[in-house]
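Below: one structure, written as structure tokens.
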Protein chains: 2
Amino acid sequence: MAAWRAYLSASHLLERRVEEQLKAESGLTHAQYEILARLSDAPDRRLRMTELARGVVVSKSGLTYQIGQLEKRGLVERATCPSDDRGVLAVLTDRGVECLRRTAPGHVAVVREVLIDLLTPDELEMMTRVMSKVEAVTRASASPLP
Amino acid sequence: MAAWRAYLSASHLLERRVEEQLKAESGLTHAQYEILARLSDAPDRRLRMTELARGVVVSKSGLTYQIGQLEKRGLVERATCPSDDRGVLAVLTDRGVECLRRTAPGHVAVVREVLIDLLTPDELEMMTRVMSKVEAVTRASASPLP
DNA sequence: TGGGTGTCGTTCAAATTCGAACCACTGGAG
DNA sequence: CTCCAGTGGTTCGAATTTGAACGACACCCA
């Protein structure tokens, strides 16, 4: 269980560190940054709400709330889904792209500082492999999405 | 950044899975479980509030709240610190020990299932080493404790 | 065509978390 | 001895997250 304890402490500390940096530099929450980043990588910079919720691993209601916050700031817009009247598309606006472009470097720098740069290439490769496996197993075993 | 994205998804999923299991089996939050576990390992099953907050990586006010919850359930008591009148000791009660003893097996089983058992011995060793390093660097660089 | 089942997103109340402000006490300088 | 910066915990208000309940729509099978 030593591995688990070390992992727990490290993950909590990482989260706090990243959160602190993002909030100070851009006023974004880490959750909000993840949402913007996911949208930025998506085709047409838009995603269905449920799909986005799966991606950032947050509850549906949690995503509704955060999209609301981002909408207030004009970083994201909602669009109705053409193929499904129930669906809602979250769309990254130009302001959202701009905000992400401004914020990303500082964020990436912190992530490198407290994680990536501490690992050898081997360790980094292993880390990625292990975490992907954990992700796969966990997604398969637990409730797909409440 | 692939490593970072994999890590993020995995850590969120792990947290949700562990939380779900603990809440279902014992009605404890993961944060509460960590508190009980830390206290259980401490000499005389007691720790200063600040020291405990550092250990579980939570804000001072967050710990105050959770200790209050655990006190309501009779799993923890507060005691005044003999050497410092300002200090407060969180003490694990016999009921707390009992609760932990009852809860631990299921918790450990899940942790093994979704993390430990997925790794080879080499990977486990590397994981521990890496996470310890991250912990050390992060503790050194950020605000020691707001 | 007509239901019935299931999915999509939102709303709601409750729980948890954080940071800032605050009081009580300690420990050392003068 | 006295003052004063610093530490330890709590309180307070604000923000975020979750699960359950809900209304709207889609898809399938008779």
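Proteins get letters first, then strands, A, B, ... in listed order; numbering begins at 1 in each. Basis for what follows: all heavy atoms, side chains included, without hydrogens, waters or symmetry-related copies.
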Given atom [atom1] of [X] and atom [atom2] of [N], what is their separation to the nearest angstrom?
X: A:Leu13; N: C:dT17; atom1: CG; atom2: C1'; answer: 16 Å
X: A:Leu89; N: C:dT10; atom1: CG; atom2: P; answer: 11 Å
X: A:Leu63; N: C:dT11; atom1: CG; atom2: C1'; answer: 15 Å
X: B:Asp85; N: D:dT7; atom1: CG; atom2: P; answer: 18 Å
X: A:Glu20; N: C:dC18; atom1: CD; atom2: P; answer: 13 Å
X: A:His12; N: C:dT17; atom1: NE2; atom2: P; answer: 9 Å
X: A:Tyr33; N: D:dT16; atom1: OH; atom2: P; answer: 18 Å
X: B:His30; N: D:dT17; atom1: NE2; atom2: C1'; answer: 17 Å

Select one nucleotide: of [options], the one nearest the side-chain heavy atoms of [X].
X: A:Lys60; options: C:dT16, D:dC25, C:dC8; result: C:dC8
X: B:Ser59; options: C:dG19, C:dG9, D:dT16; result: C:dG19
X: A:Arg48; options: C:dC18, C:dT16, C:dG9; result: C:dG9

Look at [X] and [N] and indicate whether a side-chain polar atom (N or O) is within less than 4.0 Å of OP1 or OP2.
X: B:Tyr65; N: C:dT16; answer: yes
X: A:Arg16; N: C:dG19; answer: yes
X: A:Thr29; N: D:dT16; answer: yes

> Rounded to the nearest 0.5 Å, how far apart are CG of B:Leu28 and CD of B:Glu19?
Replying inline: 10.0 Å

>> By the 4.0 Å heavy-atom rule, please label A:Gly62 as base, sugar-phosphate, or nothing.
In response: base

> Which is true for B:Gln66 with a 4.0 Å heavy-atom rule: it touches a base, it touches only sugar-phosphate, or it touches nothing?
Replying inline: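 Sugar-phosphate, no base atom in range.
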
Side-chain-base donor-acceptor pair under 3.5 Å for [X] and [N]:
X: A:Ser61; N: D:dG19; value: yes
X: B:Thr50; N: D:dG8; value: no
X: B:Arg86; N: C:dT26; value: no

> Do A:Arg45 and A:Asp94 meet the salt-bridge criterion of a basic N to acidic O distance under 4.0 Å?
Replying inline: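 Salt bridge flag = yes for A:Arg45 with A:Asp94.
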
> Any ion pair linking A:Glu77 and A:Arg46 (charged N to carboxylate O, less than 4.0 Å)?
Replying inline: no

> Among pairs that include at least one residue of residues 32-59 of chain B, which meet ring pair (Phe, Tyr, Trp, His ring centres under 6.0 Å), considering only residues two or more places apart or in two chains?
Replying inline: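 Sorted pair list: B:Tyr33-B:His107.
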
> Checking A:Thr93 side chain against A:Leu75 main chain: does a donor-acceptor pair fall under 3.5 Å?
Replying inline: yes

